[in-house]
Amino acid sequence: MRLVADGTTPTSRLTLVKDLETDDGYAFELESPLFLAVGDRVAFEDDRLVVVRASKERLSPAGDWSTRCGPGSLQRR
């Protein structure tokens, strides 16, 4: 499923997330899987993942950046 991580686009269905890939070949790998509920919004702020629940609660799940393609793939960002 493609998620828009702009901080304003809400998720349309319950989604289990283990990692999030960007269009430029990076991935944010969560330390543990996370359920995104309908209406949650996802963003990256200062190189960390931020989830804003429909209730306005803000979460910042732990994880690390890596690359998925190109030179040095699977290296930490």
Side-chain angles (χ1 to χ4, degrees):
M1 176 178 178
R2 185 172 184 84
L3 297 174
V4 178
D6 62 2
T8 59
T9 305
T11 55
S12 59
R13 64 181 184 219
L14 182 65
T15 306
L16 178 63
V17 178
K18 294 188 302 185
D19 56 21
L20 296 160
E21 288 188 31
T22 65
D23 290 337
D24 59 358
Y26 290 99
F28 187 81
E29 300 173 352
L30 293 160
E31 285 185 6
S32 56
L34 172 70
F35 274 106
L36 296 175
V38 174
D40 285 354
R41 294 174 285 133
V42 179
F44 290 105
E45 298 175 1
D46 299 321
D47 278 344
R48 62 187 173 89
L49 176 66
V50 175
V51 177
V52 180
R53 301 281 190 198
S55 66
K56 307 297 185 217
E57 176 188 8
R58 291 175 60 92
L59 307 174
S60 187
D64 290 311
W65 285 99
S66 65
T67 56
R68 291 289 171 97
C69 58
S73 66
L74 299 178
Q75 299 294 316
R76 296 291 174 211
R77 186 175 192 187

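Residue Val52 shares its hydrophobic cluster (ILVMFWY side chains chained together at separations under 4.5 Å) with Val50.
With sequence neighbours left out, Pro10 forms a side chain to side chain contact (heavy atoms under 4.5 Å, CB included) with Arg41. Contacts of Asp23 classified as side chain to side chain contact (heavy atoms under 4.5 Å, CB included), with partners at least two apart in sequence or in another chain: Arg2. With sequence neighbours left out, the salt bridge (Lys or Arg N to Asp or Glu O under 4.0 Å) criterion links Glu45 to Arg58. Not counting sequence neighbours, Ser32 has no partner by the side chain to side chain contact (heavy atoms under 4.5 Å, CB included) test. Scanning for salt bridge (Lys or Arg N to Asp or Glu O under 4.0 Å) contacts around Arg53 gives Asp40, with sequence neighbours left out. The side chain to side chain contact (heavy atoms under 4.5 Å, CB included) check on Ala5 picks up Val42, Phe44, with sequence neighbours excluded. Under the side chain to side chain donor-acceptor pair (under 3.5 Å) criterion, Thr15 pairs with no residue, sequence neighbours left out.
The structure places OG1 of Thr67 at 10.5 Å from CD of Glu21, a figure rounded to the nearest 0.5 Å. Once rounded to the nearest 0.5 Å, the distance linking OG1 of Thr22 with CH2 of Trp65 reads 6.0 Å. To the nearest 0.5 Å, atoms CG (Leu20) and CG (Leu30) are separated by 6.0 Å.
Judged purely by atom type and a 3.5 angstrom limit, Ser60 has no side-chain atom pairing as donor or acceptor with the backbone of Val51.
Between Phe28 and Asp47, the shortest heavy-atom distance links the atoms CE1-O, 4.3 Å. Taking both residues in full, the closest heavy atoms of Pro61 and Leu34 are given as CG-CD2, 3.7 Å, listed atom of the first, atom of the second, then distance. Residues Leu3 and Thr11 share a closest heavy-atom pair of CD2-CG2, 3.9 Å.
Listed by first and then second residue, the salt bridge (Lys or Arg N to Asp or Glu O under 4.0 Å) pairs that reach into residues 7-19 are Asp19-Arg68, sequence neighbours excluded.
Leu16 and Leu36 are not part of a single hydrophobic cluster, where members link through side-chain heavy atoms under 4.5 Å apart.
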